[in-house]
Amino acid sequence: MLSKCLFPVAGYGTRFLPATKAMPKEMLPLVNKPLVQYAVEEAIEAGLTEIGFVTGRGKRAIEDHFDTNFELEHQIAGTGKERYLDCVRKVIDEASFSYTRQGEMRGLGDAILQGQRLVGDEAFGVVLADDLCLSTELGVLGQMVQLFRQFRCTIVAVEEMPQDQIHKFGVIAGNEIRSDLYQVTNMIEKPTVAEAPSNLAIIGRYILTPDIFELLRETPQGKDGELQLTDALLAQAQRGCVLAYKFKGQRFDCGSVDGFVAATNHVYQNLYLRS
Ligand code: G1P
């Protein structure tokens with residue numbers, strides 16, 4: 001069974017200050033839709049309709065976004081403006097939403113651990129909304145769900161990354177199973193070029209089996225003094241099986257200003273103008 005998806009959204013978004021001073025970075029819009037909604041739509045398309053947010057202070061706008069706004073809806077009822085809300089109403093109808101707080105910012109691994117109370121003892125997806133993934137066919141998470149049905153183990157999405165970018169990511173080494181799939185043998189969080197075991201960088205899409213929670217609890221602090229998901233994934237790979245999947249589609253790093261602008265232009269040209 002695979003129906004749950006975690007969204008760690010506690011991060012501050014300092015690179016977008018002052019825009020993110022009073023607004024979650026996940027609510028920054030690509031044209032007319034907030035980043036987080038693209039991510040939730042990708043999860044729903046993949047069949048993961050139980051959405052769990054691991055939030056922090058100042059993230060209430062995300063809860064409000066995935067809820068009814070009676071005043072606004074009353075105001076525009078029966079007018080031509082109602083259709084602007086169609087896509088978010090659809091998301092609200094198709095998914096359920098729950099929230100838990102990450103008390104302290106102790107890294108992605110800690111955020112996932114806090115999410116255990118939302119996902120329980122089942123395999124689940126993880127989406128980092130900063131990474132916008134677009135595909136002309138099935139979305140990236142949907143592709144990974146299909147793989148999970150076949151292999152029944154943890155899967156991380158990877159992308160070939162140029163050398164000057166590699167220090168921003170978890171990087172894998174693996175044995176090629178087929179041209180787009182590797183069995184992971186090593187994994188390093190944010191390596192230098194010299195340390196990097198390959199050019200395959202992990203991007204913000206994961207399917208995790210629930211034994212990851214126990215492994216996270218056993219994982220010591222890693223890079224930058226944080227609990228790193230990458231370290232727990234390496235332990236999982238050494239104990240069993242972790243697959244790395246070179247996804248089909250295009251990824252934009254919306255956590256950086258350049259990536260965000262590129263994504264905005266792409267969405268405007270290819271999605272907004274054609275809708
Ligand atoms: C996190 C992970 C990293 C991964 C990246 C993908 O890093 O720790 O392994 O490659 O997300 O976006 P962050 O970008 O949160 O520092």
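Numbering of ligands and ligand atoms starts at 1, following listing order. Everything quoted here is computed from the prediction, not taken from an experiment.
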- Is atom CZ of F97 surrounded by more than 12 heavy atoms (other residues, nucleotides or ligands) closer than 6.0 Å? yes
- ligand 1 contact by L128, heavy-atom criterion under 4.0 angstrom: yes
- Among all protein non-hydrogen atoms, which one is nearest to atom 6 (C) of ligand 1, and what is the separation to 0.1 Å? I202 O, 3.4 Å
- Query: Going by distance alone, is a donor N or O of one side chain under 3.5 Å from an acceptor N or O of the other, for Q37 and E41?
  - Reply: yes
- Residue, atom and distance of the protein heavy atom nearest atom 8 (O) of ligand 1 read E189 OE2, 2.7 Å
- Do S3 and E50 have side-chain atoms, one donor and one acceptor, less than 3.5 Å apart? yes
- Note on the structure: Near T230 (heavy-atom distance under 4.0 Å), the atoms of ligand 1 are 9 (O)
- Message: For the residue pair Y99 / E63, report whether a side-chain donor-acceptor contact shorter than 3.5 Å exists.
- Response: no
- Item | Identity and distance of the protein heavy atom lying nearest atom 12 (O) of ligand 1 | D131 OD2, 2.9 Å
- Proximal atoms of ligand 1 relative to G170 (non-hydrogen, under 4.0 Å): 3 (C), 4 (C), 9 (O), 10 (O)
- Message: Could you identify the single nearest non-hydrogen protein atom to atom 15 (O) of ligand 1 and state the distance to 0.1 Å?
- Response: K190 NZ, 4.7 Å
- Item | Per-residue contact class, D253 against ligand 1 - non-hydrogen pairs under 4.0 Å | neither
- Message: If only side-chain N and O atoms count, and only distance matters, is there a donor-acceptor pair under 3.5 Å linking D211 with T209?
- Response: yes
- Pair F213 and F124, ring centroids less than 6.0 Å apart: yes
